[in-house]
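Okay, so here's the structure we're looking at.
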Amino acid sequence: MAIYEQIGKSYDLTRRADPEIAARLAVHLQVTSDYSYLDVGCGTGNYTLALAKSGVWHGVDQSKKMIDIARNKSNIVAWQVAEAEALPYADNTFSGVLCTLAIHHFVALTPAFGEINRVLAAGRFVLFTATPEQMNKYWLVEYFPEAIHKSAEKMPSLEKIRYALNEADFNSVNIEPYFISKNLQDLFLYSGKYRPEIYLDENIRSGISTFALLASPEEITIGCQRLVADINTGRITDIINKYENNHGDYLFVIAEKINYELA
């Protein structure tokens with residue numbers, strides 16, 4: 001996680017909770033004020049804090065830098081440094097678990113999902129992620145092909161996610177596609193789908209692990225030069241339209257645990 005120790009220094013300059021995504025997460029988690037929730041891979045706590053107006057919240061991340069930043073923001077959430085595969089909580093502690101754009105950092109899905117199932121009493125485990133199939137349809141492939149392909153290779157496929165959730169004894173899984181909006185506030189990888197000029201900003205790229213970790217300086221330089229040219233000529237519109245798809249740019253995965261012993 002050395003990359004996130006570095007990214008954490010400027011992460012919040014460009015990465016903030018998007019109200020639309022936060023609202024969907026709250027709906028899928030069925031957040032209420034009487035229950036406890038966990039955010040796994042919480043980063044600097046932006047989505048944790050956006051949802052912490054209801055319920056009792058805990059946040060874990062394997063990056064100490066990220067957790068230190070989160071602690072400095074607020075103490076209404078109980079923050080801890082921890083691995084997803086070894087969560088420091090008792091069985092049946094939480095009524096819901098959240099994970100946004102983080103499962104590709106898990107060592108292995110099934111052990112991590114098993115730990116999440118263990119600490120979840122009954123309720124929902126909600127993921128926000130992207131699949132390799134979705135990422136390979138981002139128009140960014142036109143300008144940064146090597147970095148996008150490397151990034152996509154790190155993302156678990158929906159098939160692998162479903163398999164791991166089943167192996168971890170979740171009872172059902174539902175999928176909701178998410179399409180990038182033009183007013184997206186969280187500047188993660190494909191947030192510039194309709195605002196290509198944002199990728200020319202080094203500060204924005206530094207908060208995106210694909211650029212910070214996987215893209216070579218040469219690829220960034222050449223890709224940005226080509227992108228500037230296409231923005232100036234208007235060709236970028238044709239590129240964006242070429243990569244439109246009906247399967248979503250990201251997706252919400254909603255897994256349900258029914259604890260018959262507690263029912």
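Atoms considered below: every heavy atom in the structure, side chains included; atoms not considered: hydrogens, waters and symmetry mates.
Within the 4.5 Å cutoff, the side chain of Leu184 has no heavy atoms near those of the Glu20 side chain. Within the 4.5 Å cutoff, no side-chain heavy atoms of Gln134 are placed close to those of Thr129. Residues Tyr35 and Ser54 fail the side-chain proximity criterion, which asks for heavy atoms closer than 4.5 Å. Taking 4.5 Å as the limit, some side-chain heavy atom of Arg118 sits within range of a side-chain heavy atom of Leu87. Looking only at side-chain heavy atoms (C-beta outward), Ile67 and Gln80 stay at 4.5 Å or farther from each other. The closest side-chain heavy-atom distance from Glu142 to Tyr243 is below 4.5 Å. Contact check for Pro156 versus His104: side-chain heavy atoms found under the 4.5 Å cut-off. You'll find the side chain of His58 stays beyond 4.5 Å of the side chain of Thr93, heavy atoms only.
The shortest heavy-atom contact between Trp139 and Gly192 is CZ2-O, 3.4 Å. Arg124 and Val27 get closest at one heavy-atom pair: NH1-O, 4.1 Å. Residues Phe125 and Cys99 come closest through the heavy atom pair CE1-CB, 4.0 Å. Pairing each heavy atom of Ala164 with each of Leu109, the nearest pair is CB-CB, 3.6 Å. Nearest heavy-atom pair across Ala70 and Gly45 is CB-N, 4.2 Å. The two residues Ile148 and Met135 come nearest to each other via the heavy atoms CG2-O, 3.7 Å.
We find the CD1-CD1 distance between Ile208 and Ile198 to be 6.0 Å, quoted to the nearest 0.5 Å. With values rounded to the nearest 0.5 angstrom, Thr110 atom OG1 is found 11.5 Å from Ile161 atom CD1. Atom NE2 of His28 sits about 7.5 Å away from atom CG of Leu25, to the nearest 0.5 Å. Rounding to the nearest 0.5 Å gives a distance of 10.5 Å between CG of Leu38 and CD of Glu115. How far OG1 of Thr210 is from CG of Leu140: 9.0 Å, rounded to the nearest 0.5 Å. Within the model, atoms OH of Tyr37 and CG of Leu120 stand 10.5 Å from one another, a figure rounded to the nearest 0.5 Å.
In terms of modelled atom types and a separation under 3.5 Å, the side chain of Asn232 and the main chain of Val228 share a donor-acceptor contact. At distances below 3.5 Å, not a single donor-acceptor pair connects side-chain atoms of Asp39 with backbone N or O atoms of Gly59. No side-chain donor-acceptor contact under 3.5 Å links Asp201 to the backbone of Glu197. Looking only at distances, no side-chain donor or acceptor of Glu146 sits under 3.5 Å from a matching main-chain atom of Glu219. The main-chain N or O of Asp18 is found under 3.5 Å from a side-chain atom of Tyr47 such that the two form a donor-acceptor pair. Checking side-chain atoms of Asp61 against main-chain N and O of Lys64 turns up no donor-acceptor pair under 3.5 Å. Remark: the backbone N or O of Asn203 is paired with a side-chain donor or acceptor of Ser206 at under 3.5 angstrom. The main-chain N or O of Asp249 is found under 3.5 Å from a side-chain atom of Tyr138 such that the two form a donor-acceptor pair.
Atom CG of Asn241 sits in a crowded spot, with more than 12 heavy atoms from other residues, nucleotides or ligands closer than 6.0 Å.
One hydrophobic cluster, built from ILVMFWY side chains closer than 4.5 Å, cannot hold both Leu127 and Trp57; they sit in different ones. By the criterion of side-chain heavy atoms lying less than 4.5 angstrom apart, applied directly or through intervening Ile, Leu, Val, Met, Phe, Trp or Tyr residues, Tyr190 is grouped together with Ile220 in one hydrophobic cluster. Each of Ile103 and Leu214 belongs to its own hydrophobic cluster when Ile, Leu, Val, Met, Phe, Trp and Tyr are linked at side-chain heavy-atom distances under 4.5 angstrom. Cluster membership for Val119 and Leu165, using ILVMFWY side-chain heavy atoms within less than 4.5 angstrom, is shared. Both Phe106 and Val60 belong to a common hydrophobic cluster when Ile, Leu, Val, Met, Phe, Trp and Tyr are linked at side-chain heavy-atom distances under 4.5 angstrom.
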Go through Thr44 and Trp79 one step at a time and tell me if the side-chain contact (heavy atoms from CB on, under 4.5 Å) criterion holds. CA-CA 10 Å; Thr44 61; Trp79 311 102; over 6 Å; no

For Arg162 and Ile175, run side-chain contact (heavy atoms from CB on, under 4.5 Å): C-alpha distance rounded to whole Å, both residues' side-chain angles, the deciding distance at 0.1 Å, then the answer. CA-CA 10 Å; Arg162 285 184 180 276; Ile175 307 298; 3.3 Å; yes

Could you go step by step and tell me if Lys257 and Asp169 meet the side-chain contact (heavy atoms from CB on, under 4.5 Å) rule? CA-CA 8 Å; Lys257 176 184 178 180; Asp169 292 328; over 6 Å; no

Verify side-chain contact (heavy atoms from CB on, under 4.5 Å) between Asp186 and Asn46, making sure each step is shown before the conclusion. CA-CA 10 Å; Asp186 187 356; Asn46 292 330; over 6 Å; no

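Classified by interplanar angle (parallel below 30°, tilted 30° to 60°, perpendicular above 60°), the ring pair Phe252/Tyr178 is perpendicular. Between Phe211 and Tyr199, the angle of the ring planes lies from 30° to 60°, which puts this pair in the tilted group.
Residues Asp238 and Lys242 are not paired through a salt bridge, judged by the lack of any N-O separation under 4.0 Å between the basic side chain and the carboxylate. With respect to the salt-bridge test (charged N to carboxylate O, under 4.0 angstrom), the residues Lys160 and Glu167 do not qualify.
Under the 6.0 Å cut-off for aromatic ring centres, Phe188 and Tyr250 qualify, their centroids lying closer than that. For Phe113 and Phe170, the distance between ring centers is not under 6.0 angstrom.
Looking only at atom types and distance, the side chain of His105 has no donor-acceptor partner in the side chain of Gln62 under 3.5 Å away. One side chain, Glu133 or Thr131, offers a donor N or O that lies under 3.5 Å from an acceptor on the other.
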